[in-house]
Amino acid sequence: MSVSLSVQWWTMMTMLLSGIGMGIVFDGYRVVSDELRISRIWVPVFDLLYWIAATLTVFQVLSSSNHGEVRFYVFLGLLLGIGCYHWLFSKLTVRLVKLLIETVRAVTRFAVRCFQLLIVKPLVLLFRLAKLLLAFFLALTMFLFKIVVQLGRPFWLLSAWMTKPVWKPLFRWWGNRVNPLIATWRIPERFRQGKSAAQGLWQRWKNRKDTKKNDD
């Protein structure tokens, strides 16, 4: 199918711009990968992804300009665009990308610094102040409690002396009735036996578990 001269010139111009765009993206990718110190293992993978994306983009532009017809002037336009970019705009693009990366880093550092100064440090100061106030109130509470205990000691002794006819027979009854029952039922001895049995079961279960683990 014949293509008019205007379409050929338009296709050549779009290929020229596509070549310039490919150069810009490639230099930007190269500077970013160097600045981020990407491992050499991943460089071929990213290069392959770049060329796949560039090929698809160029084919899409070519399809929109002359319905995807591949002619000599298509490659000529691409080569002219890449060469023109390399000689005229490559160094400028590298500088601009580096400047953009430095700007992003500076803004990030500034944001982190502001976050630390405006949020983190005030929260730390509030936490320390709360700990100091809590320690002060605890010390004050203990001091007041001791004072109350010292002041209430005479009243406690007086109330104990006044209620002695009530609690003294109660203690005597406890000693005469309850303590013999405890001694008869051997409650402390049975408690110690139950405790020893539980410890033995636990030790046996643990030894069995360790033996299975060693066998595995």
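Side chains included, hydrogens not; waters and symmetry mates left out as well; all remaining heavy atoms used.
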For the atom pair [atom1] ([X]) and [atom2] ([Y]), what is the distance rounded to the nearest 0.5 Å?
{"X": "Asp34", "Y": "Ile101", "atom1": "CG", "atom2": "CD1", "answer": "9.0 Å"}
{"X": "His86", "Y": "Cys84", "atom1": "NE2", "atom2": "SG", "answer": "11.5 Å"}
{"X": "Leu99", "Y": "Leu92", "atom1": "CG", "atom2": "CG", "answer": "10.5 Å"}
{"X": "Leu16", "Y": "Ile82", "atom1": "CG", "atom2": "CD1", "answer": "10.0 Å"}
{"X": "Phe137", "Y": "Thr141", "atom1": "CZ", "atom2": "OG1", "answer": "8.0 Å"}
{"X": "Leu96", "Y": "Thr103", "atom1": "CG", "atom2": "OG1", "answer": "10.0 Å"}

Begin from the C-alpha positions of Met22 and Trp51 and carry the test side-chain contact (heavy atoms from CB on, under 4.5 Å) through to its verdict. CA-CA 9 Å; Met22 288 173 61; Trp51 285 112; 3.6 Å; yes
Out of Leu126, Leu132, Val124, which one pairs with Arg128 under the side chain to side chain contact (heavy atoms under 4.5 Å, CB included) rule? Val124
Do other residues, nucleotides or ligands put more than 12 heavy atoms under 6.0 Å from Ile147 CD1?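 Yes.
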Would [X] and [Y] show up in the same hydrophobic cluster when neighbours are defined by side-chain heavy atoms closer than 4.5 Å?
{"X": "Val31", "Y": "Leu49", "value": "yes"}
{"X": "Ile20", "Y": "Val97", "value": "no"}
{"X": "Tyr85", "Y": "Leu88", "value": "yes"}
{"X": "Val45", "Y": "Phe26", "value": "yes"}

Closest contact, heavy atoms only, Pro122 versus Leu118: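 For Pro122 and Leu118, the tightest heavy-atom pair comes out as CG-O, 3.3 Å.
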Only counting residues at least two apart or in another chain, list the ones meeting salt bridge (Lys or Arg N to Asp or Glu O under 4.0 Å) with Arg105. Glu35, Glu102
Any side-chain heavy-atom pair of Leu78 and Ser18 under 4.5 Å: yes
For a 4.5 angstrom cut-off between non-hydrogen side-chain atoms, does Asp27 reach Phe89?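 Of all side-chain heavy-atom pairs linking Phe89 with Asp27, none is under 4.5 Å.
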Return the set of residues passing side chain to side chain contact (heavy atoms under 4.5 Å, CB included) with Leu117 (not counting sequence neighbours), or none when no residue passes.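 Per chain and number, Leu117 pairs via side chain to side chain contact (heavy atoms under 4.5 Å, CB included) with Arg113, Lys121.
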Aromatic plane relationship, Tyr50 with Tyr29 - under 30° parallel, 30 to 60° tilted, over 60° perpendicular: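 Parallel: the ring planes of Tyr29 and Tyr50 meet at under 30°.
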